K.L.:
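Below is the structure I would like to discuss, written out as structure tokens.
Keep in mind that the numbers below use all heavy atoms, side chains included, and drop hydrogens, waters and symmetry copies. Bear in mind the structure is a predicted one, so any value in this text is a computation, not a measurement.
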Amino acid sequence: MSEKEDLAKQKAEAAAKAKAAALARKKAKEEAAEKPEGEMDIAKQKAEAAAKAKAAALAKKQAKEETAEKPEGEMDIAKQKAEAAAKAKAAALAKKQAKEETAEKPEGEMDIAKQKAEAAAKAKAAALAKKQAKEETAEKPEGEMDIAKQKAAAAAKAKAAALARKQAKAEAAEKPEGEMDIAKQKAAAAAKAKAAALARKQAKAEAAEKPEGEMDAAKQKAAAAALARKQAKAEAAEKPEDEMDAAKQKAAAAAKAKAAAAAKAKAAAAAKNRTAVQESEEVDTPSEISPNQSKLDQIVSAIESHVGQGALLENYINRLSKDVPTLVANPDTYFSIAKFLRYDEQLDFSYLSELHGTDFESHMEIYVHLHSFKMNQSVALKVKLDRDTPVIPSLVPLWSGANWPECEAYDLLGINFNEHPDLKRILLGEDWKGYPLRKDYEPYDVEV
């Protein structure tokens, strides 16, 4: 078909449409003038419905004729043009109808009529979009269906958002201040619900068409996040300055309350820790007299009377070790005190349960734990040694059980025990360099 024939057809169709529209309007006016007010609304509705049906039938017929005559290459372009023209015509007709109805109807019925018209327009637009999407997906190959769907979804979202904003602005301009807040809330809720439904529908359609391997959860999350951000921006742009300040103040107040709660929790935890420390200190340093204090006094008195007044440097009850009476001996009187504890008939500390050495960096120390079965009492004997030349008499002549513990202290700390029967290294070799339990120990061979 030539270009001249196409132009002639289009002109003829446009003239026919204009003539049909004028005839419908004229007929509607005549019927409205003849009929009483009670029947005018029903007549108007019937005339409008007939006009819409006629226009839709004419558009369908025209589309079928064009698709039948044109080749496949030009069908897509012709469809798009026809759909765009139909949408524009439907929108113009709806606007005109709404204006006429609002001009004729009283104020009480205007809101109901507007709502009905808007609902009808939305339903018509949605049905048209669905029909168009189905036709395009049926005609296009699989490779182009995903792109077409994405474009259609994006266009539908943009159209819905624009329509919602336009509707909200129109309602806000017409309604008084008292009703504006309620209308805004309703419009926002409707927009959110519509966007959510559209997103769910699109996700279901994509999931149904794509295989399991291609379903990407990250894409869905990104799309949802982008939609939420876009909606928030739109709401922020549409809200007046007073509401934006109130929202900001609420967010700031919530952040402050959260920070205050966190600070209170930290302060409470710190106070609890301090209380626990104070309680532990009180437990460690009780004011009550130890039941072993009398035995300690007895032992100290016996040592001072038999060994000498300066034999002990210090004596105390060790609260951290089951209230054991502790004696700190002078290095010169260490062996004499140990001998007295071992052989005194009243004391008789015949059992040596423990002997070990410790490096305190400032000095070395030997700790000996003794037990008397006659007294049913334990006692600790300590002696402090020079760190550079730690030498002390051996207790093996008094308790044979001191043999190996003294060899261990010699092996790991370098403490020498005079008159030990066989002082030697028992854990490390004789050629080992240094003493591993000393605080300043450095390995001779780093690789070992």
Side-chain angles (χ1 to χ4, degrees), residues 290 292-293 295-387 389-427 435-439:
S290 171
N292 293 332
Q293 185 64 45
K295 293 182 180 180
L296 174 61
D297 295 338
Q298 180 187 349
I299 295 168
V300 171
S301 177
I303 291 172
E304 289 179 348
S305 61
H306 290 82
V307 181
Q309 289 291 330
L312 293 174
L313 298 177
E314 188 181 358
N315 65 84
Y316 57 90
I317 297 292
N318 191 345
R319 299 285 187 178
L320 299 177
S321 182
K322 299 180 180 180
D323 283 10
V324 174
T326 304
L327 309 171
V328 182
N330 191 314
D332 297 334
T333 59
Y334 167 70
F335 186 80
S336 301
I337 293 170
K339 187 176 181 180
F340 176 75
L341 294 172
R342 171 69 179 85
Y343 294 113
D344 183 77
E345 292 181 359
Q346 299 297 324
L347 302 179
D348 191 20
F349 286 94
S350 59
Y351 178 61
L352 185 146
S353 62
E354 183 180 356
L355 186 151
H356 66 263
T358 306
D359 180 10
F360 286 93
E361 293 186 293
S362 60
H363 64 278
M364 293 284 186
E365 184 177 278
I366 294 294
Y367 177 93
V368 183
H369 194 273
L370 306 172
H371 185 75
S372 171
F373 293 99
K374 181 182 281 189
M375 294 179 65
N376 192 23
Q377 180 61 44
S378 296
V379 70
L381 178 63
K382 289 184 178 182
V383 61
K384 296 180 180 179
L385 306 175
D386 180 37
R387 193 171 184 276
T389 56
V391 181
I392 198 72
S394 173
L395 298 183
V396 175
L398 303 177
W399 295 279
S400 60
N403 188 343
W404 284 95
E406 287 183 353
C407 286
E408 184 181 17
Y410 166 74
D411 191 5
L412 301 177
L413 288 165
I415 299 174
N416 286 288
F417 295 90
N418 290 335
E419 299 183 9
H420 189 284
D422 187 20
L423 191 63
K424 61 183 179 181
R425 293 192 119 152
I426 59 174
L427 299 174
Y435 305 99
L437 288 187
R438 287 201 175 201
K439 299 294 177 66

K.L.:
Are the side chain of N292 and the backbone of P325 linked by a donor-acceptor contact shorter than 3.5 Å?
P.N.:
no

K.L.:
Using side-chain contact (heavy atoms from CB on, under 4.5 Å), reason through N418 and V391 one step at a time and then give a plain yes or no.
P.N.:
CA-CA 7 Å; N418 290 335; V391 181; 3.3 Å; yes

K.L.:
Within a 6.0 Å radius of atom OH on Y351, are there more than 12 heavy atoms belonging to other residues, nucleotides or ligands?
P.N.:
no

K.L.:
When rounded to the nearest 0.5 angstrom, what distance separates NZ in K374 from OG in S350?
P.N.:
9.5 Å

K.L.:
Can you tell me how far CG of L327 sits from CG of L313, rounded to the nearest 0.5 angstrom?
P.N.:
11.0 Å

K.L.:
Just so I know, are the side chains of L381 and T326 near enough to count as touching, which here means a heavy-atom distance under 4.5 Å?
P.N.:
no

K.L.:
Using side-chain heavy atoms (C-beta onward) and a distance below 4.5 Å, is L347 in contact with I299?
P.N.:
yes

K.L.:
When rounded to the nearest 0.5 angstrom, what is the spacing between NE2 in H420 and CG in L395?
P.N.:
9.5 Å

K.L.:
Does any N or O in the side chain of S305 come within less than 3.5 Å of the main-chain N or O of A302, such that one atom is a donor and the other an acceptor?
P.N.:
yes

K.L.:
Just grab all the salt bridge (charged side-chain N to carboxylate O under 4.0 Å, His left out) pairs involving residues 402-423, residues at least two apart or on different chains.
P.N.:
D411-R425, D422-K424

K.L.:
Are the side chains of S372 and N376 in contact, using a 4.5 Å heavy-atom criterion?
P.N.:
no

K.L.:
Do any side-chain atoms of residues 332-343 form donor-acceptor pairs under 3.5 angstrom with protein atoms, and if so which ones, sequence neighbours left out?
P.N.:
unit_1 : atom_1 : unit_2 : atom_2 : d
T333   : OG1    : A311   : O      : 2.8
T333   : OG1    : N330   : O      : 3.2
R342   : NE     : L398   : O      : 3.4

K.L.:
State the CG-SG distance between L423 and C407, to the nearest 0.5 angstrom.
P.N.:
5.0 Å

K.L.:
Please round to the nearest 0.5 Å and tell me the distance separating atom CD of Q377 and atom CG of D348.
P.N.:
13.5 Å

K.L.:
Between L427 and L412, is a side-chain contact (heavy atoms from CB on, under 4.5 Å) present by the stated rule, with each step listed?
P.N.:
CA-CA 8 Å; L427 299 174; L412 301 177; 3.9 Å; yes

K.L.:
What's the separation between atom CZ in F349 and atom CZ in F373, rounded to the nearest 0.5 Å?
P.N.:
11.5 Å

K.L.:
Does the side chain of N315 come within less than 4.5 Å of V328's, by heavy atoms?
P.N.:
no

K.L.:
Any side-chain heavy atom of Y410 within less than 4.5 Å of one from N416?
P.N.:
yes

K.L.:
Does S290 reach the main-chain N or O of I317 with its side chain, forming a donor-acceptor pair under 3.5 Å?
P.N.:
no

K.L.:
I'd like to check V383 versus I392 (side-chain heavy atoms, cut-off strictly below 4.5 Å). Are they in contact?
P.N.:
yes

K.L.:
More than 12 foreign heavy atoms under 6.0 Å from NZ of K295: is that the case here?
P.N.:
yes

K.L.:
When you compare the side chain of K382 with that of E314, does any pair of heavy atoms fall below 4.5 Å?
P.N.:
no

K.L.:
Please set out all donor-acceptor pairs under 3.5 angstrom arising from side-chain atoms of residues 353-370, sequence neighbours excluded.
P.N.:
unit_1 : atom_1 : unit_2 : atom_2 : d
S353   : OG     : H369   : O      : 3.2
S353   : OG     : H369   : ND1    : 2.9
E354   : OE2    : H356   : ND1    : 2.9
D359   : OD1    : E361   : N      : 2.8
D359   : OD1    : R387   : NE     : 2.9
D359   : OD2    : R387   : NH2    : 2.9
D359   : OD2    : K439   : N      : 2.8

